[in-house]
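Because the structure is a prediction, the values reported are computed rather than measured.
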Amino acid sequence: MLHHLRDKGPWFRAKRFGYGAGLPFKWQGWALLLSHMAMIVGLSLLLADRPFVMLPVILIIALAPIPIYAARTEGGWKWRSGGRGSGD
């Protein structure tokens, strides 16, 4: 099962406008995105009564997988202004 996570292809489409990743198009991307969202929601509910603890924990959890998103986006992360050519 782990060999599916090691494939070198992208999991996310490139955004047409702006910077960052678009929606996933492979199951690995959907699994990463949904588990990331579930961790943020779960921890925020768990730590709702302790806001000074919740803030740094949620920030760490929110920012930690950004290198994975960037590495698995087709074409990488760069500013795109909607063009279809290579000069976006």
Task: CD1 on I68 to CZ on F12, rounded to 0.5 Å - done: 9.0 Å
Task: Value rounded to 0.5 Å, distance of CZ in R72 from CD in Q28 - done: 7.5 Å
Open item on the list: Can you pull out every side chain to side chain donor-acceptor pair (under 3.5 Å) where at least one residue sits in residues 51-63? Sequence neighbours excluded, please.
Closed with: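 For residues 51-63: none.
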Determine all donor-acceptor pairs shorter than 3.5 Å in which one atom belongs to a side chain in residues 29-39; sequence neighbours excluded.
unit_1	atom_1	unit_2	atom_2	d
W30	NE1	P24	O	3.3
S35	OG	A31	O	2.8
S35	OG	L32	O	3.1
H36	ND1	Y69	OH	2.8
H36	NE2	I61	O	3.1
H36	NE2	A62	O	3.4

Task: Listed partners of A71 passing side-chain contact (heavy atoms from CB on, under 4.5 Å), at least two apart - done: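 Partners of A71 by the side-chain contact (heavy atoms from CB on, under 4.5 Å) criterion come out as none, since no residue qualifies.
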Task: Qualifying residues under side-chain contact (heavy atoms from CB on, under 4.5 Å), relative to L47, sequence neighbours excluded - done: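 side-chain contact (heavy atoms from CB on, under 4.5 Å) list for L47, sorted by chain: R50, V53, M54, V57.
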TODO: Could you check R13 against E74 for side-chain contact (heavy atoms from CB on, under 4.5 Å), going step by step and ending with a plain yes or no?
DONE: CA-CA 6 Å; R13 297 264 182 235; E74 63 183 4; 3.3 Å; yes
Looking only at heavy atoms, what is the nearest atom pair of [X] and [Y], with distance?
X	Y	result
T73	G20	CG2-O, 4.2 Å
L43	I58	CB-CD1, 3.8 Å
Y19	K78	CD1-C, 3.5 Å

- [ ] Determine, using the 4.5 Å side-chain heavy-atom cutoff (strictly less than), whether L45 and L59 are members of one ILVMFWY cluster.
- [x]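 No, no single cluster joins them.
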- [ ] Kindly give the cluster partners of F25, where membership spreads through any ILVMFWY side chain lying under 4.5 Å from a current member.
- [x] none
Open item on the list: Give me each pair satisfying ring-ring contact (aromatic ring centres under 6.0 Å, His included) with a member in residues 42-66, each pair once, sequence neighbours excluded.
Closed with: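 Non-adjacent pairs meeting ring-ring contact (aromatic ring centres under 6.0 Å, His included): zero.
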